[in-house]
*Asks:* 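Quick one: structure below, then a few questions.
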Amino acid sequence: MARPAGPRRTSLDDTRGYRAFRRVNTAVLLVVVLVTLYPFLNIVAQSFSGEQYILAGRVNFWPRGFNTDTYAVVMGDPAFWNSYLNTVVYTVTATAISLVLTTTYAYVLSKHHLKGRGLLIGVAVFTMFFNGGLIPNYVLINELGMKNTIWAIVLPNAISVFNLLVMKAFFESLPKELEEAAAIDGMNTYGILLKIVLPLSKAVIATMVLFYAVANWNSWFSAFLYFDRADLFPVTVYLRNMISGASTATSIGGSGMGTDMTQVNSNIKAVTMVLTVLPIVTVYPFIQKYFVSGVMLGAVKQ
């Protein structure tokens with residue numbers, strides 16, 4: 001005798017409420033994406049637009065009165081390329097130093113049997129909330145002879161405590177048996193770190209490279225504070241000076257740019273912003289796949 005058919009089981013995806021939730025969620029996320037992208041797209045459009053359209057407020061997503069005059073002006077300025085080269089050197093050097101220091105510090109903190117571990121963590125966390133202040137830091141950098149040198153901007157902020165704690169949590173999530181087996185085979189601490197731990201930590205390392213590279217590329221205040229020579233300025237300080245100087249044609253003319261001052265005055269800020277963020281925007285998609293996995297593995301104790 002056939003058993004009476006019971007109520008059909010439905011998965012969560014089949015329910016009316018969940019389908020409605022997905023539609024609403026999709027709509028909300030699309031709005032968030034548009035709101036997030038609009039300022040950047042507007043800056044790009046302004047950088048290719050004519051002066052009269054920008055002043056009239058008619059530039060939104062697409063350029064109007066297409067022109068590349070300001071790009072030619074900015075890219076023809078030797079100071080811009082010198083600043084760009086400085087930024088590349090500062091970013092690569094600072095990221096390498098920060099990655100080495102953060103990795104070694106985090107690996108030490110991940111060892112629960114380490115004596116004084118709580119003190120080392122406390123010292124790191126303390127610096128998240130307290131610092132010596134602007135003037136003491138300036139006096140310290142000056143007394144150490146690091147003013148007008150690359151070390152003034154790559155060493156004081158070499159370790160981000162947030163990145164340190166994320167990396168520490170990631171190392172704690174790795175199986176301890178792997179390190180114990182390597183130690184039994186006669187491998188020392190440095191060998192375990194280099195040959196066992198780091199090859200398993202590519203996701204979090206890529207995430208740290210992204211964090212530090214973006215932070216160092218966008219940094220401008222340290223260079224503005226500790227550098228007196230224009231030939232040492234990074235591109236972010238060049239951008240700051242262009243934004244400050246674009247208010248008058250006189251200040252722009254003083255930078256050695258010989259072109260239509262009205263046109264340059266209208267969109268030089270947009271052009272410089274686009275050229276400044278372009279490398280980060282180009283590199284980010286290649287590292288993005290490691291970003292979520294690296295942060296989540298470092299944030300959740302397994």
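Being a predicted model, the structure only gives us computed values, none of them experimental.
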*Asks:* Are Leu164 and Phe126 linked, directly or through intermediate hydrophobic residues, by side-chain heavy-atom contacts shorter than 4.5 Å (ILVMFWY only)?
*Replies:* yes
*Asks:* Starting from Val100, walk the hydrophobic network (Ile, Leu, Val, Met, Phe, Trp, Tyr; side-chain heavy atoms closer than 4.5 Å) and list everyone else you reach, by chain and number.
*Replies:* none
*Asks:* Give, for atom OG1 of Thr149 and atom CD1 of Ile141, the distance between the pair rounded to the nearest 0.5 Å.
*Replies:* 8.0 Å
*Asks:* Is there a chain of hydrophobic side chains (I, L, V, M, F, W, Y, each step under 4.5 Å between heavy atoms) that links Leu174 to Ile184?
*Replies:* no
*Asks:* Applying salt bridge (Lys or Arg N to Asp or Glu O under 4.0 Å), can you list everything that pairs with Arg117, at least two apart in sequence or on another chain?
*Replies:* Glu172
*Asks:* Sequence neighbours left out, what pairs pass side-chain hydrogen bond (donor to acceptor under 3.5 Å, both in side chains) with at least one residue falling in residues 119-141?
*Replies:* Tyr138-Lys147
*Asks:* Name each donor-acceptor pair under 3.5 Å that joins a side chain in residues 29-36 to protein atoms two or more places apart or in another chain, with its distance.
*Replies:*
{"residue": "Thr36", "atom": "OG1", "partner": "Val32", "partner atom": "O", "Å": "2.7"}

*Asks:* Do any N or O atoms from the side chain of Ser49 and from the backbone of Arg64 form a donor-acceptor pair under 3.5 angstrom?
*Replies:* yes
*Asks:* For Lys195, which residues count as a salt bridge (Lys or Arg N to Asp or Glu O under 4.0 Å) partner, sequence neighbours excluded?
*Replies:* none
*Asks:* Can you name the closest pair of heavy atoms from Ile280 and Ala213 and give their distance?
*Replies:* CD1-O, 4.4 Å
*Asks:* At what distance, to the nearest 0.5 angstrom, does CZ of Phe80 lie from CE of Met75?
*Replies:* 6.5 Å
*Asks:* Just distance, no hydrogens or angles: give the donor-acceptor pairs under 3.5 Å from side chains in residues 85-97, sequence neighbours left out.
*Replies:*
{"residue": "Asn86", "atom": "ND2", "partner": "Asn82", "partner atom": "O", "Å": "3.3"}
{"residue": "Asn86", "atom": "ND2", "partner": "Asp231", "partner atom": "O", "Å": "2.8"}
{"residue": "Asn86", "atom": "ND2", "partner": "Phe233", "partner atom": "O", "Å": "3.0"}
{"residue": "Thr87", "atom": "OG1", "partner": "Ser83", "partner atom": "O", "Å": "3.0"}
{"residue": "Thr87", "atom": "OG1", "partner": "Val235", "partner atom": "N", "Å": "2.6"}
{"residue": "Tyr90", "atom": "OH", "partner": "Leu232", "partner atom": "O", "Å": "2.7"}
{"residue": "Thr91", "atom": "OG1", "partner": "Thr87", "partner atom": "O", "Å": "2.8"}
{"residue": "Thr93", "atom": "OG1", "partner": "Val89", "partner atom": "O", "Å": "2.8"}
{"residue": "Thr95", "atom": "OG1", "partner": "Thr91", "partner atom": "O", "Å": "2.7"}

*Asks:* Considering only heavy atoms from C-beta outward, does the side chain of Thr189 approach that of Leu193 to under 4.5 Å?
*Replies:* no
*Asks:* Kindly give the heavy-atom pair with the smallest separation between Ala223 and Ile153, and that separation in Å.
*Replies:* N-CG2, 3.7 Å
*Asks:* Going from CD on Glu179 to CD1 on Ile196, what distance comes out if it is rounded to the nearest 0.5 angstrom?
*Replies:* 8.5 Å
*Asks:* How many angstroms lie between CG in Asn218 and OG1 in Thr276, if you round to the nearest 0.5 Å?
*Replies:* 9.0 Å
*Asks:* Establish, yes or no, whether a centroid distance under 6.0 Å links the rings of Tyr238 and Tyr84.
*Replies:* no
*Asks:* Please determine whether side chain to side chain contact (heavy atoms under 4.5 Å, CB included) holds for the pair Ser47 and Thr272, giving the CA-CA distance in whole Å, both sets of side-chain angles, and the decisive distance to 0.1 Å.
*Replies:* CA-CA 8 Å; Ser47 70; Thr272 314; over 6 Å; no
*Asks:* Do you know which two heavy atoms are closest between Val44 and Phe48, and how far apart they sit?
*Replies:* O-CD1, 3.3 Å
*Asks:* If you group Ile, Leu, Val, Met, Phe, Trp and Tyr by side-chain heavy-atom gaps below 4.5 Å, do Leu198 and Leu99 land in one group?
*Replies:* yes
*Asks:* Measure the spacing between CE of Met128 and CZ of Phe162 and express it to the nearest 0.5 Å.
*Replies:* 8.0 Å
*Asks:* Are any non-hydrogen side-chain atoms of Met146 and Leu144 less than 4.5 angstrom apart?
*Replies:* yes
*Asks:* Any side-chain heavy atom of Val166 within less than 4.5 Å of one from Phe211?
*Replies:* no
*Asks:* Of all heavy-atom pairs between Thr282 and Leu278, which one has the smallest distance, and what is that distance?
*Replies:* OG1-O, 2.7 Å
*Asks:* Does any non-hydrogen side-chain atom of Val197 lie less than 4.5 Å from one of Leu178?
*Replies:* no
*Asks:* Apply side chain to side chain contact (heavy atoms under 4.5 Å, CB included) to the pair Phe171 and Thr103, showing each step before the final yes or no.
*Replies:* CA-CA 9 Å; Phe171 288 149; Thr103 301; 4.0 Å; yes
*Asks:* Checking Val125 against Ile121 for the side chain to side chain contact (heavy atoms under 4.5 Å, CB included) test, could you report, in this order, the C-alpha distance in whole Å, the side-chain angles of both residues, the deciding distance, and whether it holds?
*Replies:* CA-CA 6 Å; Val125 173; Ile121 295 177; 4.1 Å; yes
*Asks:* In this structure, would Val214 and Val281 fall into the same cluster of hydrophobic residues linked by side-chain contacts under 4.5 Å?
*Replies:* yes
*Asks:* Mind checking the OG1-CG spacing from Thr102 to Asn163? Nearest 0.5 Å is all I need.
*Replies:* 6.5 Å
*Asks:* Is there a continuous path of hydrophobic side-chain contacts, each under 4.5 Å between heavy atoms, that joins Val139 to Phe224?
*Replies:* no
*Asks:* Which heavy atom in Asn67 sits nearest to a heavy atom in Gly50, and how many Å separate them?
*Replies:* ND2-N, 3.6 Å
*Asks:* Check for a donor-acceptor pair, side chain of Asn216 on one end and backbone N or O of Tyr212 on the other, with a separation under 3.5 Å.
*Replies:* yes
*Asks:* Do Phe170 and Ser201 come close enough that some side-chain heavy atom pair is under 4.5 Å?
*Replies:* yes
*Asks:* What I'd like to find out is whether the side chain of Phe21 reaches to under 4.5 Å of the side chain of Val24, using heavy atoms alone.
*Replies:* no
*Asks:* Walk me through it: do Leu134 and Leu225 pass the test side chain to side chain contact (heavy atoms under 4.5 Å, CB included)?
*Replies:* CA-CA 10 Å; Leu134 183 62; Leu225 182 64; 3.4 Å; yes
*Asks:* Please report the closest heavy-atom contact between Thr236 and Ser219, naming both atoms and the distance.
*Replies:* OG1-O, 2.8 Å
